[in-house]
Amino acid sequence: MNETSKSLNFIEQIIEEDLEKGYAKSDLRFRFPPEPNGYLHIGHASSICLNFGLGLRYQAPVNLRFDDTNPAKEEQEFVDAIKKDVSWLGFDWNTERYASDYFQQLYDWAVQLIKNDKAYVDSQTSEEMAVQKGTPTQPGFNSPYRNRTVSENLALFEEMKNGVHEEGSHVLRAKIDMAHTNMLMRDPIMYRVLHRAHHRTNTDWCIYPMYDWTHGESDYIEQVSHSLCTLEFLPHRELYDWFLDQVYDPTKLRPKQREFARRNLSHTVVSKRKLAQLVAEKVVTGWDDPRMPTISGMRRRGYTPESIRNFADTIGIAKRDNLIDVSLLEFHVREDLNKTTPRVMGVLDPLKVVITNYPEGKEEWLEAENSPEDESLGFRELPFSRELYIEKEDFKEEANKKFFRLKLGGEVRLKNAYIIKAESCTKDTNGNIVEVQCTYDPKSKSGSGTEESLRKVKGTLHWVSTSHAVQAEIRLYDRLFTHESPDTQKDKDFMEFINPNSLEVITGFVEPSLKEAQIGERFQFQRMGYFCVDKDSSDKNLVFNKTVGLRDSWAKIQQKSE
RNA sequence: UGGCCCAUGGUGUAAUGGUAACACUCCGGUUUUUGGUACCGUCAUUCUAGGUUCGAGUCCUAGUGGGCCAACCA
């Protein structure tokens, strides 16, 4: 927590060096620049935490800037979702900006470039241009249109803007060097003709600027000091600087681009394009499907903003390729949920228990602590009766002594209730156990303080009273992909690794206090895991998502004995 | 057959020329009315070869391995 003792990541070191070299702290400014063409994912969360974290650390403003230069892909729906996600993560932006706000300024600068003989209108097809561009190992060659006169370029460019020309007929290109070793410097396209309505500028423009031309100049307009992006943009830095050189006024702050490695998460894909494909092909129900590594998906799953921020802090920022194990994310989710969620009881795979020496028709309301981690959460009351459900896996006719749960002739504590002993069980015609008959010790009531209640029994089970329990739909999730790195396998498409069993829907029974649970509310079902109420939930049909299971050392013991 | 970036336990990140550390995972234990939590402990790391230096994970060179670059996407 101590800022001064915490080691700096390499971005923070760059900033510290700039500060030492005389950069004013008040000149520091950052931005988070999403393109509104999809939902934000865990990789963006990392970038958001980086940029807004820097803002907090240096008390510097952070803009939320939508990189909306491609009306073919961008929509208002995504703008709204992105704003919601950033806010939910717990960050406040200084101002909300749009690259489209700068279209006029960008156009004016482009005209200036043409006048300075730094840009020209090319009228080749994209195929011709691709050939002419060369390859990484071979230089390109000049376009036949490269030497158009300034006045001809000016006239054409204005016509492009005015919608005189068809899509694909002309582009504006920067005039740099077709033999440059960096392919991005081989006369990159600045503008294309697009007869499309834009979500903000509507049909005002018939030409739209490309990323490279837009991004750095937007940083410059906003006077962003450090423009942070992922490593695949590293080759763009040279162009970023070249474009800046064309318009730079030395009395103003000059933004600098620096790059960090995107964070990869195991057993999923962290790519908007691939996530969009999962949505489009209906592998998942939508961008906010709880199996998706999107911020909205994680929110719906029950992850907390705190846990995602802690995760981002822990994984840090660096420049090497990485594949972060999803178990680290789950650790942070459990860590936060353990501290904050109330405990309740829910039986996912019910087995009926009848307490033969408990009077028929009797019910008792027992006091139960809401959280051993947080006293302030108080207590609630639980109904107990003659017939209960316990978890099917918590009973065996016979078992070795490693099995702490209920077995014939053995005793267990029912959480917050009595100690019971299994006397017999009945089976259906297929040999499946359908009911267990038990006796209880009436003096062993939890919290009663009697000698019997203080007895140590090895196992404690969760349970619900059959007549009081509420039926609930419970959605269990597993990893979306069976491979830890589905999208880096040579000759294999990531879709081949989709886990067919990533969703299982079951019907369980939960304690009656959950009847009034609100959408989004989180609970720990004791001994089972963390669950939250899904947005599909209604008065008629209670729906829970399993957020993450509890650590399960019994499962490990079982695995080893197999 | 080019250019650029990267290389620290199983995973991620530190160590800023001076004893390689922290977290997760794994494994073992203590406590426990959650086989949870908490706490304690074990195992395990500088890609290779040269060089600079009293001293190199850190600087230099080469090699090896991985990644990025040929959208009118961002």
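Chain A is the first sequence line, chain B the second, and so forth, proteins listed ahead of strands; every chain is numbered from 1. Computed from a prediction, not measured in an experiment: that's the story for all the values here.
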Ignoring backbone atoms, establish whether [X] has a side-chain N or O less than 4.0 Å from OP1 or OP2 of [N].
X	N	value
A/K415	B/G35	no
A/K133	B/A70	no
A/R455	B/U33	no
A/Q13	B/A15	yes
A/K272	B/A74	no
A/R237	B/C5	no
A/T69	B/A74	yes
A/R551	B/U37	yes
A/S7	B/U16	no
A/K560	B/G28	yes

If we ignore hydrogens and angles and just use 3.5 Å, is the side chain of [X] paired with the main-chain N or O of [Y] as donor and acceptor?
X	Y	value
A/Q524	A/T341	no
A/T294	A/H41	no
A/Q138	A/T135	no
A/D101	A/R97	no

Using the [atom1] atoms only, state how far [M] lies from [N], rounded to an integer number of Å.
N	M	atom1	result
B/C47	B/U64	C1'	8 Å
B/G65	B/A70	C1'	24 Å
B/C22	B/U45	P	15 Å
B/C5	B/G63	P	15 Å
B/U32	B/C24	C1'	24 Å
B/A74	B/A20	P	50 Å
B/U58	B/A62	P	16 Å
B/G3	B/U42	P	49 Å

Counting the atoms with a prime plus P, OP1 and OP2 as sugar-phosphate, which does [X] contact under 4.0 Å by heavy atoms, base, sugar-phosphate, or nothing?
X	result
A/H180	nothing
A/F233	base
A/N182	nothing
A/N416	base
A/R405	base
A/L184	nothing
A/P372	base
A/M528	nothing
A/I419	nothing
A/Q524	base
A/E35	sugar-phosphate
A/S553	sugar-phosphate
A/L550	base
A/K339	nothing

Give a yes or no on whether the ring-centroid distance for A/Y145 and A/Y120 is below 6.0 angstrom.
-> no
Below 3.5 Å, does any donor atom in the side chain of [X] face an acceptor in the base of [N], or the other way round?
X	N	result
A/T460	B/U34	no
A/E238	B/G3	no
A/R527	B/U34	no
A/H332	B/A23	no

For the pair A/E259 and A/K319, find out whether any cationic side-chain nitrogen is under 4.0 Å from an anionic carboxylate oxygen.
->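 The answer is no: the pair does not qualify as a salt bridge.
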Please state whether the rings of A/H198 and A/Y208 are parallel, tilted or perpendicular, taking 30° and 60° as the class boundaries.
->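 The arrangement is parallel - the two ring planes meet at less than 30°.
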Pair A/N37, A/E74: side-chain N/O donor-acceptor within cut-off below 3.5 Å | no
Could you state the atom-to-atom distance from CG of A/N370 to P of B/U33 in whole Å?
-> 19 Å
Could you give the CD-to-P distance, from A/E484 to B/G12, as a whole number of Å?
-> 10 Å
Under 5.5 Å between ring centres and under 30° between planes: true for A/Y211 and the base of B/A74?
->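 Stack criterion not met.
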